[in-house]
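Okay, so here's the structure we're looking at.
Residue numbers count from 1 along this sequence.
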Amino acid sequence: LVAKIVKFDAAEAVLEGPNSKQVRILNPNTDNYTNSRFIEVMGDIKDPNGEIPSIDEVKSVSYGNKFNLSLHDRMLRLVSGNYRAIFRASPSEVDDSAMETE
């Protein structure tokens, strides 16, 4: 989830996505929230049907203060919507060597 930070304290954060819906973040990594207005959060969904859905944070990445959330949302809609074929590489163009583990 990439969103704007609306509220933050040591116990939880509240984020707002580009659709203006809010999500509660449990166990936020305080370092990534203190000097940023935008953040990406990865974690486990805990209450998807609640008044405010919750995510138990596993990892987060600060996106700073000048991130364009609506442009990011538009880009995601393009790459996963009607135009997804132009963003998909053909199998011969994909370098799988970076995916190999030692």
Side-chain angles (χ1 to χ4, degrees):
L1 170 68
V2 177
K4 180 173 79 172
I5 300 169
V6 175
K7 175 189 158 209
F8 165 71
D9 61 41
E12 71 175 30
V14 176
L15 307 182
E16 185 175 275
N19 59 359
S20 299
K21 293 189 179 184
Q22 293 189 342
V23 176
R24 179 178 291 117
I25 306 300
L26 308 173
N27 304 310
N29 176 347
T30 57
D31 293 338
N32 292 332
Y33 290 78
T34 53
N35 294 315
S36 183
R37 289 183 51 218
F38 299 95
I39 195 160
E40 179 177 11
V41 176
M42 292 142 277
D44 299 317
I45 298 172
K46 293 296 180 187
D47 189 11
N49 299 318
E51 185 176 324
I52 299 179
S54 299
I55 297 175
D56 191 9
E57 181 178 313
V58 173
K59 182 177 181 179
S60 60
V61 178
S62 170
Y63 277 27
N65 294 320
K66 295 182 179 182
F67 184 76
N68 189 327
L69 190 58
S70 62
L71 182 60
H72 177 75
D73 184 57
R74 287 176 51 204
M75 182 270 309
L76 288 177
R77 290 176 189 275
L78 283 173
V79 301
S80 62
N82 293 337
Y83 301 100
R84 67 180 167 267
I86 64 174
F87 293 99
R88 188 177 10 197
S90 67
S92 63
E93 296 172 350
V94 176
D95 179 10
D96 291 332
S97 63
M99 303 294 283
E100 295 175 8
T101 59
E102 296 179 28

Exercise: identify the closest heavy-atom pair between Pro28 and Ala11 =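 Of all heavy-atom pairs spanning Pro28 and Ala11, the closest is CD-O, 3.5 Å.
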
Are Tyr33 and Leu1 grouped together when hydrophobic residues (ILVMFWY) are joined by side-chain heavy atoms under 4.5 angstrom apart?
->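 Yes; tracing contacts between hydrophobic side chains, which count when under 4.5 Å, links both residues.
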
Cluster overlap Tyr63 with Ile5, hydrophobic side-chain contacts below 4.5 Å =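 Shared cluster, no.
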
Which distance, rounded to the nearest 0.5 Å, do you find between the [atom1] of [X] and the [atom2] of [Y]?
X     : Y     : atom1 : atom2 : value
Lys4  : Ile39 : NZ    : CD1   : 14.5 Å
Glu57 : Leu15 : CD    : CG    : 8.5 Å
Arg24 : Ile55 : CZ    : CD1   : 11.5 Å
Asn29 : Ser62 : CG    : OG    : 10.0 Å

Could you list the donor-acceptor pairs under 3.5 angstrom formed by side chains in residues 69-77, with sequence neighbours left out?
residue	atom	partner	partner atom	Å
Ser70	OG	Asn68	OD1	3.0
Asp73	OD2	Arg77	NE	3.0

Got a list of side-chain donor-acceptor pairs under 3.5 Å for residues 41-54, not counting sequence neighbours?
residue	atom	partner	partner atom	Å
Asp47	OD1	Gly50	N	3.3

Above 12 or not: heavy atoms from other molecules or residues under 6.0 Å from CG of Asn65?
->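 Yes, enclosed.
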
Greater than 12 external heavy atoms within 6.0 Å of Asn35's CG |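 No, not enclosed.
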
Step by step, work out the side chain to side chain contact (heavy atoms under 4.5 Å, CB included) result for Phe8 and Thr30.
-> CA-CA 9 Å; Phe8 165 71; Thr30 57; 3.6 Å; yes

Are Arg37 and Phe67 side-chain neighbours, meaning at least one heavy-atom pair lies under 4.5 Å?
->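 A side-chain contact under 4.5 Å is absent here.
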
